[in-house]
Structure formats: C-alpha cells, structure tokens
Amino acid sequence: MSHPLSRATPHGRERILTASSFALVASLALAGCAGAAGDAESTEVGEELTTIRVSLGWIKNVEWGGFWIADAEGYYAEEGIEVEWIGGGPNAPTTMATVAAGDADLGIVPGTQSWLQTFADGNDWTAIGALFQESPGALVSLADDPVTSAEDMVGKTVLGQEGTQINYDAVFALAGLEPDYEFIPVGYDIAPLVDGQGVAYTAYATNQPIMLEEQYGLSPDDYVVTLYAELGMPLYGNVVYGDSAYIEENGDLMEGFLRASIRGWEENGEDFAVGAQLSVDEYGADLGLDIVQQTRENELQQPLVVGEYGDPLFWMDPELMLELMYPGLEAAGYADLPDPNDYIDMSYLEAAHASLE
C-alpha cells in the first residue's frame with residue numbers, strides 16, 4: 001500500500017506506509033470494537049479537571065485556532081482536562097526553556113530545527129504529534145520575477161532574517177549547485193522585496209503574503225510562495241512534545257488532549273472565521289488582532305495542517321523524517337540529529353484517532 005510523497009518529492013517517488021501507519025489503519029478498523037470518544041460519558045459536573053500547561057511557540061493568535069475551538073467547545077473538559085495556554089512571542093522564552101524549567105508540561109514548537117538541536121543538551125523529549133504536516137517556512141517572490149528553484153536565484157540578491165542564509169545555502173546544495181547569490185539581512189517587514197532590493201524573501205507562508213495583500217494591494221496572482229518543501233526541504237512544524245517521563249506517566253491525558261485537539265482542528269477546517277474570532281475576541285484579546293488578517297491566515301494555514309502525505313491530523317512518520325526531511329536539514333548544516341524512532345511516539349495519537357472513528 002503506498003501513497004504519494006507530495007510536492008516535497010520532486011521526482012514523484014512513492015513511499016511504503018511504515019509499520020506504524022499500518023498499525024493505525026488496523027486500529028481504525030477496530031475502532032468500533034473499542035468504542036468511540038463520542039460514546040464516552042462527559043466529565044461529571046463538579047469533577048476536578050487535570051491541568052495541562054501548554055507552552056506555545058508564538059503569540060495567542062489564530063495559528064492555534066483549532067486549539068481555541070476545542071477549548072471553547074469544552075472538548076478538553078470532556079476529557080477531564082483544563083488547558084493553561086502559555087503564549088510565546090519574539091521576547092518570550094523558547095518552549096524548550098519553559099518545558100525544561102518545569103513551567104509547562106507540553107510545548108508546541110514552530111522551529112523543528114531548533115528543537116532537534118536541544119537533544120544534544122541532554123533533553124529527553126518525546127513528540128506526540130505535529131500540527132503542521134508541512135512547515136510554513138517558504139521563499140516569497142514577485143510574479144514578474146518568480147523564484148521556484150535554486151536556478152532562479154543564481155547571481156541574484158536574496159533577502160532574509162538573520163540566521164536564514166543557511167536555508168539558501170541548503171537550497172543550492174540540494175540542487176547540486178555552488179551557492180551563487182548575494183544575501184541582504186532584513187527584518188520581518190516584506191517591504192524590501194516590494195522595493196526590488198532582492199528577488200526572494202524568507203517568510204512564513206501564513207504571514208508575509210498577507211502583508212503583500214493588505215499593505216501593498218497585491219493579489220495572490222502578483223506573488224509566488226514557494227515552500228521549503230518544494231525546494232527539497234520538507235519538515236514538520238509546530239511539534240507537540242514534552243519530557244519523556246511526563247508523557248509516559250500521563251498517557252491517558254496525552255490521548256485525551258490529542259483527541260480533543262483533533263476535534264477542534266477538524267472543525268477549524270470547516271469555518272475559518274470561528275478560530276479567527278476566538279483569537280481576536282478571547283484568547284488574543286489583548287493583542288489588537290485584526291479579524292480580516294486572522295481569518296486569512298487561518299485559511300492559508302489549514303492546507304499545511306492537513307498536508308499532502310495522506311496521513312491523519314498530527315501524524316509524524318519517523319521513516320519519512322529520515323528519508324526526506326533529514327537530508328534537507330543536513331544540507332543546511334544541522335549535524336548530530338537524533339534518530340526520530342527514539343523520540344516520536346504515535347501510540348497516543350493512534351488511540352485518539354481510533355476512538356474518534
């Protein structure tokens with residue numbers, strides 16, 4: 001049994017479902033015997049909820065819209081859980097620092113690369129899922145000079161935030177080319193691209209393109225978003241993880257958290273306005289968020305949540321990481337990467353999906 005590797009595989013190869021994927025299929029088939037979550041009794045009135053503190057890798061905006069829906073609809077409460085959401089941001093500690101310090105039980109980290117590097121510091125993490133099947137990391141270019149490959153950047157000037165030059169080097173290396181470009185460091189405002197200072201700009205596919213639309217009046221036909229996955233650097237994003245001992249000791253809570261989260265993200269895909277409104281009015285009420293921008297961001301991120309691997313929500317495949325994702329990281333200079341089989345545990349996610357069937 002096989003399915004396409006998606007746009008992250010330029011030659012259209014196919015992969016065989018891993019043993020863990022077969023286990024998921026089997027568990028889904030037997031779900032009726034196990035009983036569905038919807039059949040379980042909700043937490044009784046007055047029953048004390050168990051708090052899970054979740055450190056988010058960014059501010060409390062619509063990037064977490066499906067979690068907001070699950071929370072607002074009481075899906076976590078039905079699992080006997082109360083979630084304390086700890087917002088992140090440019091001046092906040094990393095999720096790794098927060099979890100390692102014992103100030104959070106779970107972390108959701110946008111930068112998988114930086115998370116993987118913390119294993120070398122002695123951290124013992126277990127990943128139980130990934131919100132983004134495809135990382136939103138991307139290059140943005142203008143349609144009149146589009147960048148969809150390393151060849152499009154040869155001898156040209158490119159733009160990016162400090163530290164992102166390694167991604168350009170990796171794109172060239174994966175294409176079998178020597179780096180041949182001029183790099184100009186810029187901030188998070190995409191104005192330098194609009195001003196013609198460079199042909200490509202490192203971006204989050206769910207963020208800067210909206211700036212082009214709202215601040216500069218461009219339409220989606222006026223710019224090109226090329227995910228790093230399309231350049232040979234696929235990667236999971238917003239990995240859900242915790243200290244291995246905590247995960248193992250709280251297996252039922254992990255399954256319940258994932259089950260409720262799956263329900264929220266499934267509903268998020270049905271109406272992008274709901275998660276956006278919750279972000280503006282409730283969870284990020286003190287951030288001055290714009291409802292139009294938040295709704296558009298939610299629309300852009302949902303395809304990345306679903307992905308193109310054909311896997312269930314939040315799924316992580318160790319073999320896929322080894323075969324497709326690690327080569328891109330190694331081309332970018334990341335070394336001593338831990339074996340995904342040692343830190344990915346999909347058993348809680350398998351159980352959550354099975355019960356929902």
Side-chain angles (χ1 to χ4, degrees), residues 3-15 110-114 116-117 130 132-186 190 192-193 196-209 212 220-237 300 303-304 307-309 317-337 340:
H3 62 278
L5 275 173
S6 90
R7 57 174 173 244
T9 56
H11 302 298
R13 293 173 294 150
E14 292 187 345
R15 68 180 172 91
T112 305
Q113 305 97 315
S114 58
L116 290 172
Q117 289 185 298
F132 287 141
Q133 294 292 288
E134 292 182 274
S135 170
L139 296 181
V140 177
S141 56
L142 300 181
D144 58 3
D145 194 2
V147 170
T148 60
S149 67
E151 289 79 3
D152 295 331
M153 297 182 284
V154 173
K156 298 182 179 179
T157 300
V158 298
L159 312 166
Q161 299 78 34
E162 292 285 354
T164 61
Q165 187 171 358
I166 58 174
N167 294 326
Y168 285 112
D169 288 342
V171 170
F172 273 79
L174 290 167
L177 300 173
E178 287 294 324
D180 181 11
Y181 63 88
E182 179 184 357
F183 178 81
I184 296 180
V186 295
I190 202 167
L193 178 69
Q197 296 181 32
V199 297
Y201 174 96
T202 56
Y204 225 44
T206 57
N207 190 344
Q208 280 82 3
L212 290 175
D221 294 332
D222 296 325
Y223 62 86
V224 175
V225 177
T226 305
L227 293 174
Y228 285 134
E230 300 174 85
L231 297 166
M233 300 168 60
L235 196 62
Y236 292 120
L300 291 175
L304 304 178
E308 295 187 3
Y309 299 119
D317 186 335
E319 298 308 314
L320 184 64
M321 290 194 72
L322 284 171
E323 295 172 9
L324 286 184
M325 300 181 183
Y326 271 24
L329 291 173
E330 290 164 352
Y334 294 97
D336 300 322
L337 296 169

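- In terms of heavy-atom proximity, Leu300 sits nearest to Ala205 at CD1-O, 3.8 Å.
- With hydrogens and angles left out, the side-chain atoms of Asp152 and Thr148 include a donor and acceptor closer than 3.5 Å.
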Query - side chain to side chain contact (heavy atoms under 4.5 Å, CB included) assessment of Val171 paired with Met153 - result: CA-CA 10 Å; Val171 170; Met153 297 182 284; 3.9 Å; yes
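- Residues Val140 and Pro209 approach most closely at CG2-CG, 4.3 Å, considering heavy atoms.
- Taking CG of Asn167 as the reference point, atom CG of Leu139 lies at 8.0 Å (rounded to 0.5 Å).
- Looking at Leu142, Asp145, Thr157 one by one, the single match for side-chain contact (heavy atoms from CB on, under 4.5 Å) with Val199 turns out to be Asp145.
- In this structure, Pro327 has no side chain to side chain contact (heavy atoms under 4.5 Å, CB included) partners at least two apart in sequence or on a different chain.
- Remark: Pro303 engages no residue in a side chain to side chain contact (heavy atoms under 4.5 Å, CB included) (not counting sequence neighbours).
- Listed here is the closest heavy atom pair of Glu134 and Gly307: OE1-CA, 4.1 Å.
- Atom CZ of residue Phe183 and atom OG1 of residue Thr202 lie 6.0 Å apart, to the nearest 0.5 angstrom.
- Between Val224 and Ala143, the shortest heavy-atom distance links the atoms CG2-CA, 4.2 Å.
- Using modelled atom types, no side-chain atom of Ser135 and backbone atom of Leu235 make a donor-acceptor pair closer than 3.5 Å.
- Distance check, rounded to the nearest 0.5 Å: CE of Met325 to CG of Leu337 gives 13.0 Å.
- Residue pairs meeting the side-chain hydrogen bond (donor to acceptor under 3.5 Å, both in side chains) criterion with at least one partner in residues 168-180, sequence neighbours excluded, are Asp169-Tyr181.
- Taking Ile166 as the reference, Tyr334 meet the side chain to side chain contact (heavy atoms under 4.5 Å, CB included) condition, with sequence neighbours excluded.
- From Met233, atom CE reaches atom OH of Tyr326 across 14.5 Å, with rounding to the nearest 0.5 Å.
- The side chain to side chain contact (heavy atoms under 4.5 Å, CB included) search around Pro192 returns Leu159, Val186, Gln197, not counting sequence neighbours.
- Residue Ala175 comes nearest to Ala150 through the heavy atom pair CB-CB, 3.7 Å, listed as atom of the first residue, atom of the second, then distance.
- No side-chain heavy atom of Leu174 sits under 4.5 Å from any side-chain heavy atom of Leu231.
- The salt bridge (charged side-chain N to carboxylate O under 4.0 Å, His left out) check on Asp222 picks up nothing, with sequence neighbours excluded.
- Atom CE of residue Met321 and atom CG of residue Leu329 lie 7.0 Å apart, to the nearest 0.5 angstrom.
- Thr226 contributes a side-chain N or O that, together with a main-chain N or O of Val147, makes up a donor-acceptor pair within less than 3.5 Å.
- Rounding to the nearest 0.5 Å gives a distance of 9.5 Å between CG of Asp317 and OH of Tyr309.
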